[in-house]
Amino acid sequence: MTLDDLYARLAAANLRPLWTITEQLLTPSPRPKAVPWLWPGAAMRPLAEEAIRLVPVERGGERRVLSLANPGLGGKPYVAGTLWGALQALGPHESAPAHRHSPGAIRFVLEGEGVWTTVNGDACDMGPGDLVLTPGWAWHDHTNAGDAPMFWFDGLDLPMIEALDAVFFEPYPELRQPVGGPHNASESLRNRGPTFAEGQVGDALDPAPSPLLVYRWADTDAELTRLAAGNDDAVTSLEFTNPESGASVLPTLGCGMHRIVPGRATLPVRRSGNSVYVVYRGEGHSVMGGRRFDWRAGDMFAAPSWVPVEHHARTQADLFSIGDAPVHRALGIYREQTLAEPQAVTSTFAIEEGTAP
Ligand code: GTQ
Ligand code: FE2
């Protein structure tokens with residue numbers, strides 16, 4: 001048998017010789033297929049409004065959601081390899097039907113009022129800047145009882161759960177689940193323990209999601225103000241925590257908020273694991289992998305694993321973030337590195353790239 005014969009016979013036997021693919025498998029550091037990318041709010045918002053006009057929210061389609069599709073992922077509707085990110089729109093007096101799924105979700109509200117998400121019978125009122133959890137396998141439906149549309153960011157661990165071949169989905173037998181009692185019952189759990197950690201959650205891990213389902217913007221804002229008063233740093237970061245365990249809000253997803261001082265910039269940091277940022281307030285830019293991405297309120301951007309990320313604020317800026325760090329910590333594979341110097345900017349992301357049809 002010649003070497004060529006061996007390769008042909010291996011292929012025919014569904015065997016692959018590792019020595020020919022080692023370097024593409026065991027890379028010195030992560031090589032995510034997803035690329036750093038930005039979705040301008042100014043591009044998404046009119047399309048979401050048209051979708052409200054043209055597309056009803058019904059059983060089957062379930063949600064009026066525009067998913068952020070990272071151009072590095074070959075058409076998959078995922079913002080990064082492990083994360084789903086999307087803009088959800090709910091028109092006045094609409095409801096999105098009740099269902100549950102094994103992937104867990106978080107909502108970060110951008111705009112609107114008079115909306116609640118019911119999670120296992122607890123109606124959670126939603127206002128701008130609020131974070132609402134719908135943990136895996138919790139029944140959930142969304143209701144807009146107001147006269148204005150509402151827009152929020154959805155973050156899910158769907159690609160992770162899909163990679164684990166563990167996606168389960170079930171529609172609720174009725175369009176809406178009954179609301180058990182007064183709204184926001186889970187908020188009584190807020191005093192069980194701290195609801196924020198400065199920076200990021202340390203070692204705490206919890207296979208259960210936070211029983212507190214809503215984190216109010218007023219509390220987040222007050223905590224950022226308190227923490228920022230105690231340092232001279234360019235950025236003050238917090239992570240939302242499960243008040244019972246001190247862990248990230250979901251076993252698979254961590255959520256944070258970052259307040260950047262006007263005119264200041266963070267040093268580049270790279271982390272194992274993917275992140276998505278939602279600009280809640282302010283204007284500035286981030287440099288990711290040497291590329292500059294200008295942003296303003298309503299924009300969303302993807303920071304794939306191990307790409308250096310630094311943030312520059314023009315005005316005071318509040319960035320919401322979601323990432324898969326809890327999974328990395330649980331598996332003992334989390335890494336983080338702060339670089340000593342700002343990145344050299346070699347290109348600038350053109351807004352048209354985010355708006356081209
Ligand atoms: O609101 O229940 O963005 O089930 C993707 C899947 C939102 C939701 C998404 C979902 C939802
Ligand atoms: Fe859902």
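These numbers come from the heavy atoms of this one structure, side chains and all, not from hydrogens, waters or symmetry mates. One-based numbering, in listed order, for ligands and for the atoms of each.
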In chain-and-number order, ligand 1 lies under 4.0 Å from a heavy atom of each of Arg63, Val65, Trp84, Ala86, Gln88, His99, His101, Arg107, His140, His142, Asp154, Leu156
So, Arg53 and Glu49, do they make that salt bridge, N to O below 4.0 Å? no
ring-ring contact (aromatic ring centres under 6.0 Å, His included) pairs, two or more places apart, involving residues 310-334: Phe108-Phe320, Tyr277-His311, His285-His312
Please verify the inter-ring angle class for Phe169 with His101; under 30° counts as parallel, over 60° as perpendicular, anything in between as tilted. parallel
Could you tell me if the side chain of Thr348 sits less than 4.5 Å from the side chain of Asp294, heavy atoms only? yes
Give a yes or no on whether a salt bridge exists between Asp219 and Arg190, defined as a side-chain N under 4.0 angstrom from a carboxylate O. yes
Using side-chain hydrogen bond (donor to acceptor under 3.5 Å, both in side chains) as the criterion, list what pairs up with Asp5, not counting sequence neighbours. Thr2
Less than 2.8 Å away from the Fe ion (ligand 2), how many protein N/O/S atoms can be counted, ignoring water? 3
With ring centroids as reference points, do Phe293 and Phe301 lie under 6.0 angstrom apart? no
Salt-bridge test for Arg259 and Asp221: reply yes if a basic N is under 4.0 Å from a carboxylate O, no otherwise. yes
Asp154 side chain to Arg107 main-chain N or O, any donor-acceptor pair under 3.5 Å? no
